[in-house]
Each structure stands twice: as C-alpha cells, then as structure tokens.
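This report concerns only the one structure given below.
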Amino acid sequence: MEKKVLYSAVQPSGNLTIGNYTGAIRNWVALQDEYECFYAIANMHAITVRQEPAELRRRTVELLALYIACGVDPARCTLYVQSQVPQHAELAWVLNTITYVGEMERMTQFKDKSARHAENINMGLMDYPVLMAADILLYQTDVVPVGIDQRQHLEIARDIAARFNNRYGETFRMPEGYILKAGAKIASLQDPAKKMSKSDENPNASVFLSDDRDTVIRKFKRAVTDSGSEIVASEEKPGVSNLLNIYAAFAGCTVEEAERAFAGKGYGEFKLAVGETVADVLAPIQAEQKRLLSDKAYLNAVLKEGAERAFKAARRTLSKVYRKIGFYQGD
Ligand code: TYM
C-alpha cells in the first residue's frame with residue numbers, strides 16, 4: 001500500500017527555539033517511517049520579513065544540518081530548499097486568484113507581523129498563507145505536523161483546496177493538521193502569554209537550540225513563575241504550566257507525570273531540573289549539527305537529491321492544475 005504523504009517546513013529566519021523543536025521537528029522524526037515525508041526549508045517565506053542575504057544563506061545550510069542532527073533521515077525523507085523548486089511560486093500565483101484580500105487581512109500572524117514590522121508590510125507578508133497552501137497542496141499532502149500557531153494557516157489551506165476543487169474539479173487532496181498536545185505551544189519564558197519566538201527582542205525569553213548548557217540553565221533559572229509555590233499546571237499558573245509542558249516534552253513524559261515528579265519541590269529546584277533536562281537533549285544534537293556542517297559536500301548532495309525528488313512530485317500536481325484552469329501546455 002502506498003504511504004500517506006506528510007509535509008512540513010521551518011523558515012531559516014533566525015535561531016530556532018525549543019518551540020520549533022517540540023512543535024515541529026521532533027514529531028517529524030517520529031513520523032518518518034509511517035509517511036512519505038517532505039521537509040522543506042522555507043526560505044521564500046523567510047524573506048517576507050527583511051533578511052541579511054549572507055545570513056539567510058548560512059542559516060539555510062545550518063537548518064538542513066539541524067534537521068538531520070535531530071534525526072530526520074535524508075535516505076527516507078525528501079529534504080529540500082523551497083526556492084529550488086519553482087512550482088511553489090507558480091502554484092501560489094494560481095491560488096492567489098481564488099483567495100480574497102479580506103481573508104488574508106484577517107490572519108492573526110499577518111496582523112502580528114504587520115504590527116511588528118510596520119515599516120515593511122509587503123505583499124509577500126500578506127501572501128504568506130497562500131504560499132504555505134501551495135507548499136502543502138503541491139505534494140498531495142495528507143498530514144501537516146506543526147505547532148498550534150500554524151493552525152489558522154492550515155485551515156485557510158484547506159479552504160483554498162476545497163474552493164479550487166469545487167471550481168475546477170477534484171485536484172487537491174485535503175490536508176489534515178497533526179498537532180500534538182505536548183509541546184505544540186511553548187510560551188516565552190519571560191511572558192507566558194506570548195509564544196516563544198525566534199525573533200523575541202528579550203534574550204531571556206527564548207531558549208535556542210544552539211544555546212550552550214550554561215545559557216540554557218541560566219534562562220530557565222530566570223524564567224518567570226507564578227505566585228504560590230505549588231508545581232501544578234493550571235490556567236492561573238501560566239508560567240509554571242509552560243515549564244511543566246517543556247519538561248514533559250523533553251523528558252518524554254506526560255504533564256501529570258511531571259507534576260508528580262516535582263510535587264513538594266521548590267521553584268528553584270524545579271527550574272534547574274527543567275534546564276538540565278533540556279540541555280541534555282540539546283547537547284548531542286548540537287554536536288551532530290557541528291559535525292555535519294564540516295561536510296558541506298554531503299549537505300549539498302542531500303539538497304540536490306531532495307530538490308530533484310520534490311521537483312518531480314510538484315511538477316505532477318502543477319501540470320494537473322494548469323490543465324484544469326485552461327493553461328495551454330501543448331498537446
Ligand atoms: P516557523 O519557522 O515560524 O515555525 C516552524 C514550526 O515551529 C512551530 N512553532 C512552535 N511550536 C510550539 N511552540 C512554539 N513557541 C512555536 N513556535 C513555532 C510552528 O508551528 C511551525 O510548525 N509557516 C511555517 C513554515 C511553513 C510550513 C509550510 C509549515 C512554510 N510552509 C508548509 C507547514 C507546511 C512556520 O510557522 O514556520
């Protein structure tokens with residue numbers, strides 16, 4: 001039986017956080033045997049906010065090495081750079097014509113990013129969800145493992161797919177989100193009402209996958225907690241809940257098990273344990289990423305093969321789309 005298709009991507013737009021790991025990449029590894037997987041480096045999405053070209057180039061390769069270091073296997077999965085497969089931009093253009101400006105203006109991420117980059121509210125930023133829909137739909141994707149913040153984009157991708165299928169006949173498979181409860185929404189260590197983000201200005205708010213052990217532990221020690229002293233997950237305790245969530249994701253247990261492990265302990269001891277647990281998981285990933293980055297020839301070969309595989313799959317769908325909408329393709 002043919003395997004179902006799984007698609008996901010991360011933007012090389014900054015240092016990855018532990019949220020990117022628990023919300024996305026960690027699940028990719030767990031799913032790679034069960035599905036036919038496409039994992040992209042979304043550099044076309046990244047340029048919707050201003051990027052330093054040399055840095056973008058460097059981060060692209062670093063992100064590939066990170067995928068592999070986290071356990072994504074290039075022999076089993078297709079790893080590639082989005083801009084190397086031109087069908088993404090081509091399909092996005094077609095999908096633009098069935099997407100409404102009003103829908104895009106209502107997207108939460110667009111509103112947030114517009115507020116943060118008021119000097120650069122460009123068309124690409126607004127079009128971000130359409131390009132993401134194109135990514136997903138090009139591969140006839142069944143499942144998309146992402147964090148909770150991407151749920152709205154996934155919904156609009158489904159709407160666009162349904163709209164196209166309705167208008168032109170069955171063309172795209174309907175993708176489903178794969179959002180695990182544990183780790184799908186890691187909050188800032190400084191403000192648990194905000195998501196942990198690559199681009200937070202407060203250096204203590206995010207734990208980066210590249211942080212060394214001391215930095216990780218220091219950031220967790222400084223994490224905001226809540227009043228009271230009990231270590232339990234609840235709405236009144238967003239800081240402690242976030243730390244429990246992180247612990248559970250990194251220790252491989254449930255939040256309830258984590259609560260039990262820390263029952264009766266103080267905040268200081270708890271935060272140190274979370275920091276150590278995270279640092280223990282990150283150390284081997286960092287070492288492997290460093291090793292891989294010293295072998296550029298290997299990484300380039302992975303990307304070349306990935307782009308070829310992705311191109312073939314994407315070409316099939318785009319050709320079908322062009323036929324359906326009446327683009328002349330010869331006979
Ligand atoms: P990006 O790079 O912003 O985020 C990458 C992945 O990390 C997840 N994530 C989080 N999960 C839990 N807690 C957090 N604090 C946290 N912050 C980020 C995101 O949900 C995402 O899964 N638009 C995508 C990239 C993309 C994509 C796609 C994804 C482009 N095309 C097609 C799936 C399918 C994004 O958010 O990238």
Side-chain angles (χ1 to χ4, degrees), residues 5-28 31 37-49 51 56 59-60 62-63 66-67 70 80-83 85 88-89 91-92 95 107-110 112-113 116 124-125 127-158 160-161 175-200 205-209 241-242 245-246 248-250 310 314:
V5 176
L6 180 152
Y7 189 95
S8 198
V10 171
Q11 304 177 79
S13 55
N15 277 331
L16 264 65
T17 72
I18 54 170
N20 299 127
Y21 179 71
T22 62
I25 303 176
R26 189 180 58 137
N27 302 324
W28 302 0
L31 296 166
C37 301
F38 293 87
Y39 296 127
I41 296 171
N43 59 346
M44 293 166 68
H45 280 100
I47 62 165
T48 59
V49 302
Q51 302 291 332
L56 180 61
R59 284 198 172 122
T60 302
E62 285 178 1
L63 187 51
L66 187 68
Y67 285 178
C70 287
Y80 72 101
V81 178
Q82 188 184 29
S83 63
V85 180
H88 290 257
L91 181 60
L95 300 181
M107 292 284 116
T108 311
Q109 187 174 298
F110 173 66
D112 287 352
K113 286 193 178 172
R116 266 191 287 135
L125 189 62
D127 209 25
Y128 183 115
V130 179
L131 179 59
M132 184 163 156
D135 295 348
I136 296 167
L137 301 179
L138 266 181
Y139 298 91
Q140 303 293 351
T141 300
D142 295 287
V143 290
V144 185
V146 283
I148 282 177
D149 64 314
Q150 294 301 306
R151 184 180 275 156
Q152 195 181 37
H153 288 164
L154 214 58
E155 279 307 311
I156 201 79
R158 288 167 55 89
I160 293 172
E176 304 282 343
Y178 181 97
I179 302 178
L180 283 187
K181 221 172 115 216
K185 190 182 182 187
I186 301 296
S188 152
L189 295 189
Q190 293 298 314
D191 176 2
K194 275 183 14 192
K195 85 162 178 177
M196 184 180 285
S197 147
K198 294 183 196 120
S199 51
D200 204 303
S206 308
V207 177
F208 299 112
L209 296 181
S241 302
N242 188 40
N245 209 357
I246 294 172
F250 279 85

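Remember, it's 1-based here, ligands and their atoms both numbered in the order they're listed.
Between the side chain of Tyr39 and the backbone N or O of Val10 there is no donor-acceptor pair closer than 3.5 Å. Under the 3.5 Å distance criterion, the side-chain polar atoms of Tyr139 are left unmatched by any main-chain donor or acceptor of Phe38. Not one N or O on the side chain of Gln82 forms a donor-acceptor pair closer than 3.5 Å with the backbone of His88. Under a 3.5 Å cut-off, the side chain of Asp200 and the backbone N or O of Ala205 do not form any donor-acceptor pair. A donor-acceptor pair is defined here as one N or O able to donate and one able to accept, closer than 3.5 Å; no such pair exists between the side chain of Asn43 and the backbone of Val81.
Minimum heavy-atom separation, Thr141 to Val143: CG2-O, 3.2 Å. Smallest separation of non-hydrogen atoms from Gly183 and Ala249: CA-CB, 4.4 Å. Of all heavy-atom pairs spanning Ser197 and Ser206, the tightest one is O-OG, 2.8 Å. Contact record, Tyr7 with Ala40: OH-CB, 3.3 Å, taken as the closest heavy-atom pair.
For ligand 1, none of its N or O atoms has an N or O atom of Thr22 under 3.5 Å away. Not one N or O of Tyr7 is nearer than 3.5 Å to an N or O of ligand 1, by distance alone. Remark: ligand 1 and Gly19 share an N or O pair separated by less than 3.5 Å (distance only, no angle test). Residue Met196 has at least one N or O atom closer than 3.5 Å to an N or O atom of ligand 1. Considering backbone and side-chain atoms alike, Gln109 places every N or O at 3.5 Å or more from each N or O of ligand 1.
No side-chain heavy atom of Thr48 sits under 4.5 Å from any side-chain heavy atom of Asp127. Thr22 has its side chain out of reach of Ile246: every pair of non-hydrogen atoms, C-beta onward, lies at least 4.5 Å apart. Side-chain contact check for Ile179 versus Val146: some heavy-atom pair is nearer than 4.5 Å.
Taking every heavy atom of Gly23 and a limit of under 4.0 angstrom, the matching atoms of ligand 1 come to 11 (N), 12 (C). Each of the following atoms of ligand 1 lies closer than 4.0 Å to a heavy atom of Val144: 33 (C), 34 (C). Close contacts of ligand 1 with His45, meaning ligand atoms under 4.0 Å from a residue heavy atom, involve 30 (C), 31 (N). Ligand-side atoms of ligand 1 in range of Val10: 2 (O), 5 (C), range being under 4.0 angstrom from any heavy atom.
Looking only at atom types and distance, the side chain of Gln109 has no donor-acceptor partner in the side chain of Asp149 under 3.5 Å away.
Considering each of Lys185, Gln150, Arg151, the one bringing a non-hydrogen atom nearest atom 36 (O) of ligand 1 is Gln150. In this comparison of Ile41, Asn20, Thr17, the heavy atom closest to atom 5 (C) of ligand 1 sits on Asn20. Considering only non-hydrogen atoms, atom 12 (C) of ligand 1 lies nearest to Ala184 out of Ala184, Pro175, Ala133, Gly147.
The shortest contact between atom 2 (O) of ligand 1 and any protein heavy atom is with Lys198 NZ, 2.5 Å. Remark: minimum distance from atom 19 (C) of ligand 1 to any protein heavy atom is reached at Asp149 OD1, 3.3 Å. Ranking the protein heavy atoms by distance from atom 25 (C) of ligand 1 puts Ala9 O, 3.4 Å first. When only non-hydrogen protein atoms are considered, atom 13 (N) of ligand 1 lies nearest to Ile186 N, 2.9 Å. The protein heavy-atom contact nearest to atom 23 (N) of ligand 1 is Tyr128 OH, 2.6 Å. The shortest contact between atom 31 (N) of ligand 1 and any protein heavy atom is with Asp135 OD2, 2.6 Å. Taking atom 37 (O) of ligand 1 as the reference point, the nearest protein heavy-atom neighbour is Gln11 NE2, 3.6 Å.
The closest approach between Gly183 and ligand 1 falls below 4.0 Å for a heavy atom of the residue. Remark: distances from the non-hydrogen atoms of Met132 to ligand 1 include one below 4.0 Å.
Contacts of Ile136 with ligand 1, taken as heavy-atom pairs under 4.0 Å, involve the side chain alone.
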